[in-house]
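Report on one structure; see the data block that follows.
Numbers here are sequence positions counted from 1.
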Amino acid sequence: MTADPECLFCKIIAGEIPAEILHSTERTVAFRDINPQAPLHVLVVPRDHAPNAAASAEAGPEMFAEIAVTARAIATAEGYDDHRLVFNTGAGVGQTVFHTHGHVLAGRSMTWPPG
Ligand code: AMP
Ligand code: ZN
């Protein structure tokens, strides 16, 4: 496993910072976003540190599939038929934590395109 000692999400994965974990496998951890933007707002995070989704996919393309399947499983388990899965890539589009994470959002109507 690769970890960055300075990375917030690596610290959550290591259990050094608390989070409400909903789902955990050998490869991924999913926890509630601390500042939810919808009734359901969960982050699905690979255990291996990489700065963004494309970098994780380069390291192992199956990670993308696992995040998508996990996102749907969490939304379904929480009672939502529909969800939005978002990967911000780069500070210019709002990425603030540079450890790959898919935002799983559900439970309210959403506009397109996203703001
Ligand atoms: P992004 O802006 O796409 O990089 O998303 C980072 C997300 O991490 C934001 O939605 C934050 O609200 C969330 N976040 C920051 N700190 C924590 C934390 N300690 N626990 C859970 N979520 C967090
Ligand atoms: Zn990390």
Q.
Is it true that, when you exclude R72 itself, more than 12 heavy atoms of the residues, nucleotides or ligands shown sit nearer than 6.0 Å to its CZ?
A. no
Q. Is the backbone of G107 close enough, under 3.5 Å, to the side chain of E78 for a donor and an acceptor to pair up by distance?
A. no
Q) Looking at CZ of R27 and OG of S56, how far apart are the two atoms once the value is rounded to the nearest 0.5 Å? A) 13.5 Å
Q: May I ask whether L43 and I17 are part of the same hydrophobic cluster, defined by side-chain heavy atoms of I, L, V, M, F, W, Y residues being less than 4.5 angstrom apart, directly or through others?
A: yes
Q) Looking only at side chains, do R47 and T25 share a donor and an acceptor under 3.5 Å apart? A) no
Q. Where is the tightest heavy-atom contact between F64 and A53, given as atom of each residue plus distance?
A. CE1-CB, 3.4 Å
Q | salt bridge (Lys or Arg N to Asp or Glu O under 4.0 Å) between K11 and E16, intermediate numbers included | A | CA-CA 5 Å; K11 290 177 184 172; E16 294 166 15; 5.9 Å; no
Q: Check step by step if side-chain contact (heavy atoms from CB on, under 4.5 Å) holds for R32 and L40.
A: CA-CA 8 Å; R32 287 195 199 276; L40 180 70; 3.8 Å; yes
Q) Is M63 linked to F98 within one hydrophobic cluster, defined over Ile, Leu, Val, Met, Phe, Trp and Tyr using a side-chain heavy-atom separation of less than 4.5 Å? A) no
**Q.** Parallel, tilted or perpendicular: ring planes of H101 versus F9, cut at 30 and 60 degrees
**A.** perpendicular
Q: Evaluate side-chain contact (heavy atoms from CB on, under 4.5 Å) for H103 paired with N88, printing each intermediate quantity in order.
A: CA-CA 9 Å; H103 293 259; N88 293 324; 3.7 Å; yes
Q) Is L8 reachable from V29 through a run of I, L, V, M, F, W or Y residues, each pair having side-chain heavy atoms under 4.5 Å apart? A) yes
(Q) Is it the case that the side chains of N52 and T100 hold a donor-acceptor pair, with the cut-off being a distance below 3.5 Å and no angle test? (A) no
Q. Would you find a donor on one side and an acceptor on the other, under 3.5 Å apart, between the side chain of T28 and the backbone of V45?
A. no
Q. Would the number of heavy atoms belonging to other residues, nucleotides or ligands and lying under 6.0 Å from CG of D82 be above 12?
A. no
Q | Hydrophobic cluster membership, F31 vs V97, 4.5 Å side-chain cutoff | A | yes
Q) Side chains of H99 and C10: closer than 4.5 Å at any heavy-atom pair? A) yes
Q: Could you tell me which non-hydrogen atom of A38 sits nearest to which non-hydrogen atom of A106, and how far apart they are?
A: CB-O, 3.5 Å
Q: State plainly whether one hydrophobic cluster holds both I21 and V42, where clusters connect Ile, Leu, Val, Met, Phe, Trp and Tyr through side-chain heavy atoms under 4.5 angstrom apart.
A: no
Q: Kindly give the heavy-atom pair with the smallest separation between G90 and Q95, and that separation in Å.
A: N-OE1, 2.7 Å
Q: Decide yes or no for V44 and V104: does some side-chain heavy atom of the first lie under 4.5 Å from some side-chain heavy atom of the second?
A: yes
Q. Do P46 and I67 have side chains that get closer than 4.5 Å, going by heavy atoms?
A. yes
Q: Please round to the nearest 0.5 Å and tell me the distance separating atom CG of D48 and atom OG1 of T2.
A: 3.5 Å
**Q.** 4.5 Å side-chain heavy-atom contact, L105 and H83
**A.** no
Q: Taking the side chain as every heavy atom from C-beta outward, state whether P39 and Y80 have any pair of such atoms under 4.5 Å apart.
A: yes
Q: With the side chain counted from C-beta on, respond yes when H23 and T70 share a heavy-atom pair under 4.5 Å apart, and no when they do not.
A: yes
